[in-house]
Peer 1: 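Before I ask anything, here is the structure I am working with.
Below, chain A is the first sequence line, B the second, and so on; all start at residue 1.
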There are 2 protein chains.
Amino acid sequence: MKHSHGKPQLITMRDVAKASGFSPATISIVLNNAPLARYIASTTRQRIEETAKRLGYRPNVMARFLRSKRSQSIGVVLFDVTDPFCTPILRGIENGLYPVGYLPIFADAHNQRDRFERYLEMLLERHVDGLIVVANWLLVDIKVLADLNKREIPAATIGWELPGTQLSSVMVDNEAGGRLALEHLYQLGHRRIAVIRGPKRLIDSAPRWRGIQKFAQSVKLKLDSGLELQLPDVFDPNSSFEHGFRLTEELLRDKKKFTALLAFDDITALGAIRALAKAGIRVPEDCSVIGFDDVAIAGLSAPALTTVRQPLETMGNVAVNIVLEAIKAGHENRDWSVVSQKLHPELVMRESTRSI
Amino acid sequence: MKHSHGKPQLITMRDVAKASGFSPATISIVLNNAPLARYIASTTRQRIEETAKRLGYRPNVMARFLRSKRSQSIGVVLFDVTDPFCTPILRGIENGLYPVGYLPIFADAHNQRDRFERYLEMLLERHVDGLIVVANWLLVDIKVLADLNKREIPAATIGWELPGTQLSSVMVDNEAGGRLALEHLYQLGHRRIAVIRGPKRLIDSAPRWRGIQKFAQSVKLKLDSGLELQLPDVFDPNSSFEHGFRLTEELLRDKKKFTALLAFDDITALGAIRALAKAGIRVPEDCSVIGFDDVAIAGLSAPALTTVRQPLETMGNVAVNIVLEAIKAGHENRDWSVVSQKLHPELVMRESTRSI
DNA sequence: CTCGCGTATTCAAACGATTCAATAAAAGCT
DNA sequence: AGCTTTTATTGAATCGTTTGAATACGCGAG
């Protein structure tokens, strides 16, 4: 089937003006409910609204922007859509933006710094009204921030923070999360607990570990440093499964004894479970495993994974609110302050843990 | 930390003009490498490019659009980001768009028709140059198409087609996929095979089933209709796990004998596996299970799922190419034709199937 | 010495909206 | 009746870019 190139010839404001017998200015005022609209006669308003609808008029967002400097769009940069961590956040962002008529412009950095920067440029070129960045350590550096500050674009990061900058941020309380995970295992009676810590460069790793240690200390539990492993700093997305698998295998090869394993994140936990299964160790009968994040897979895998939930969707939502608030403040010429929000994690009990 | 509202005062083309001593027209010509650029002296070109860079000039995409009618963005509408089916497609789309400098504007319909339509409106208002729709049956109807045709916007759908319309489409060859799945089980020696068919209203269901039947026929395999189940037409995203679980439980409750199960998709398969596990039936030792799609989870679950792979990322890419091609044709005032592409599925052997 | 042509650059009119200032009519006040 | 104020509408500039037409200048040919 062929598709020929007629000129679409869209309805412009002029057309509505002509058809209704008023001037473009009046049309604009009515349709935007501008301040001046309170002086418009209600008959006029009706006539205009009616003709606009009849002609199927749609404002040209670009033209509007040119004058009003509002693009009604928010740049959303993810480090990797493919990461199940990102999906719920994206949903949360979209969900927060929808009711206010903003659209997200989507950028996926593929875990590559240059791509990240290029996208940032592109988004700035498009004069997005705001920016939300779901980042990991690869993606954030100084150059970018300088640009953001210069342009004074409201921005928020999720899952990453840079103290001392103009960037707002939204994160889970990782320390509380770490505590929650260990507390759960401890309460089930586990004492010999293997821990797979996160990559050193990842911002979540340290506080999560701190939470674990603090809880251990509070109950006088001695964590065996022989059972303490660490994910490497590579950041190929699905590598954590592989690494969870391998680290666990090493643990088993070394004949370490443990009744529970606390993994840095869900995917790592899944890898660990696979290694345990391969060695004939049943989860949770012979060994409990707990993850972190509660990504979609966690509930579907067999056994369903007990984990510490990050409120990912909420995090997206919160970031949106922060950015929208800043945008509004900007329009009203008010100052706005940078906020750094920490949300509470939550224990989700499923099948991969049980009492000893 | 406070953030005050200085006027960003962006660099405009005028500024570059003033700073370099040439007129805005020249700047535009040089920076866009317009046809007239071949008359521009190379010294001029250099001076201009240098000052543009020095001042940090970025073209205002909106203003440019106003004149040239090119927004350099593509609307991407998904029926549900949360569905693991969508993620790789989204990646493919993004990946295809990136090298040509287009940005995707992201819309997620949440499986709601009204939301879908609203988003479509919003995207049209923004004068996206093209549209890619990842649809399921909920989302496509006539009203929408009328609008698309009126506006003559190049569009492609993924995972859905509407024959006889102006919409290009990209799909897997479902029939081949169905065949592939059954063929695999058959070759492993399975003869008593349970099949969980897809929801009636889903476009994939019928051809996939046809492929299954045709293969059965070709090897004189008799499919027991007592082992034939069907997912209901609800489309709550993660419900297929639930339904896979329940249908399989029913099968077991009815004491049906089967050595393999062919599920409509991976999530259903995971649900089935869970039900089998609960009944003490080991996969793949006692029963083989094969899925469809090869979503990310498939490789991570235990046992790793054997499945028929849809080349999702490629599908996204292909859709992009179709749309970009149409856009180019439109600019060059050529006609473009609607294409309907079917991509080949591929068997991915993992751990959930084994020979009898 | 004028004409035509290729080169190099600029003028000025769009594009489709918003918005401030201006106008005009009606109403209110003394 | 003359003045201000309120109500209702419009003119015209503006946003930053693109682009077809125009200008200016050499330069070789007639």
Peer 1: Can you check whether B:F106 reaches A:L90 side chain to side chain, under 4.5 Å on heavy atoms?
Peer 2: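 B:F106 reaches A:L90 side chain to side chain.
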
Peer 1: Starting at atom CD1 of B:I40, determine the distance to atom P of D:dC25, rounded to an integer number of angstrom.
Peer 2: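 Rounding to the nearest Å, CD1 of B:I40 and P of D:dC25 are 17 Å apart.
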
Peer 1: Do any side-chain nitrogens or oxygens of B:K69 fall under 4.0 Å of OP1 or OP2 in D:dT18?
Peer 2: no

Peer 1: Distance check needed: C:dT19 C1' versus A:N33 CG, whole Å only.
Peer 2: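 Rounded to the whole Å, the gap is 15 Å.
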
Peer 1: Rounding to a whole Å, what distance do you find between B:R38:CZ and C:dA8:P?
Peer 2: 11 Å

Peer 1: Please tell me which of the listed nucleotides, D:dA12, C:dA14, D:dA13, lies nearest to the side chain of A:R67?
Peer 2: D:dA13

Peer 1: Going by atom types alone, do A:N111 and A:N136 pair a side-chain donor with an acceptor below 3.5 Å?
Peer 2: yes

Peer 1: From D:dC15, C:dT19, C:dA17, pick the nucleotide closest to the side chain of A:A25?
Peer 2: C:dT19

Peer 1: At under 4.0 Å between heavy atoms, what does A:F65 touch on the DNA or RNA strands: base, sugar-phosphate, or nothing?
Peer 2: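 Answer is nothing: A:F65 stays at 4.0 Å or more from every strand.
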
Peer 1: Applying a 4.0 Å non-hydrogen cut-off, can you work out what B:I27 is touching in the nucleic acid: base, sugar-phosphate, or nothing?
Peer 2: nothing

Peer 1: Just so I know, are the side chains of A:V133 and A:W160 near enough to count as touching, which here means a heavy-atom distance under 4.5 Å?
Peer 2: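 They are not in contact (no side-chain heavy atoms under 4.5 Å apart), so the answer is no.
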
Peer 1: Kindly indicate whether the side chain of B:N33, heavy atoms from C-beta on, has any atom under 4.5 Å from the side chain of B:R45.
Peer 2: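 Counting from C-beta outward, B:N33 and B:R45 do come under 4.5 Å.
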
Peer 1: Would you mind reading off the distance between A:R47 atom CZ and D:dA8 atom P, rounded to a whole angstrom?
Peer 2: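 A:R47 atom CZ is separated from D:dA8 atom P by 14 Å.
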
Peer 1: Write down the atom of A:T157, the atom of A:L167, and the distance for their closest heavy-atom approach.
Peer 2: CG2-CD1, 3.9 Å

Peer 1: How many whole angstroms separate atom CD of A:Q46 from atom P of D:dT9?
Peer 2: 13 Å

Peer 1: Check the distance between D:dT7's C1' and A:F22's CZ and give it to me in whole angstrom.
Peer 2: 14 Å

Peer 1: Measure from NZ or CZ of B:R115 to the centre of the six-membered ring of A:Y98 and say whether it is under 6.0 Å with the direction within 45° of the ring axis.
Peer 2: yes

Peer 1: Any side-chain N or O of B:T44 below 4.0 angstrom from OP1/OP2 of C:dA8?
Peer 2: no

Peer 1: For C:dA17, does either OP1 or OP2 sit under 4.0 Å from a side-chain N or O belonging to A:S28?
Peer 2: no

Peer 1: Give the nucleotide from the list D:dT18, D:dG11, C:dT9 with an atom nearest to the side chain of A:S23.
Peer 2: D:dG11

Peer 1: Let me spell it out: for each of B:P24 and A:L66, pick the nucleotide of DNA chain C with the closest heavy atom. Which residue's pick is nearer the 5' end?
Peer 2: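 The residue mapped nearer the 5' terminus is B:P24.
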
Peer 1: How many Å lie between CZ on B:R14 and C1' on D:dT14, as a whole number?
Peer 2: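 About 10 Å, once rounded to whole Å.
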
Peer 1: If you only use heavy atoms from C-beta on, which nucleotide in C:dT10, D:dT10, D:dT17 is closest to the side chain of B:L36?
Peer 2: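 Looking only at heavy atoms from C-beta outward on B:L36, the closest nucleotide is C:dT10.
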
Peer 1: Using a 4.0 Å heavy-atom cut-off, does B:P35 contact any base of the nucleic acid, only the sugar-phosphate backbone, or nothing at all?
Peer 2: nothing

Peer 1: Under 4.0 Å between a side-chain N or O of A:N32 and OP1 or OP2 of C:dT18?
Peer 2: yes

Peer 1: A:I29 has an atom CD1; how far is it from atom C1' of D:dT7, in whole Å?
Peer 2: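 Spelled out: CD1 on A:I29 to C1' on D:dT7 is 13 Å.
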
Peer 1: Report yes if at least one side-chain N or O of A:S68 is closer than 4.0 Å to OP1 or OP2 of C:dT18; otherwise report no.
Peer 2: no

Peer 1: OP1 or OP2 of C:dC15 sitting under 4.0 Å from any side-chain N/O of A:N60?
Peer 2: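 For C:dC15, neither OP1 nor OP2 has a side-chain N or O of A:N60 closer than 4.0 Å.
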
Peer 1: Using a cut-off of less than 4.0 Å, is there contact between a side-chain N or O of B:Y39 and OP1 or OP2 of D:dC25?
Peer 2: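 Checking B:Y39 against D:dC25: no side-chain N or O falls below 4.0 Å of OP1 or OP2.
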
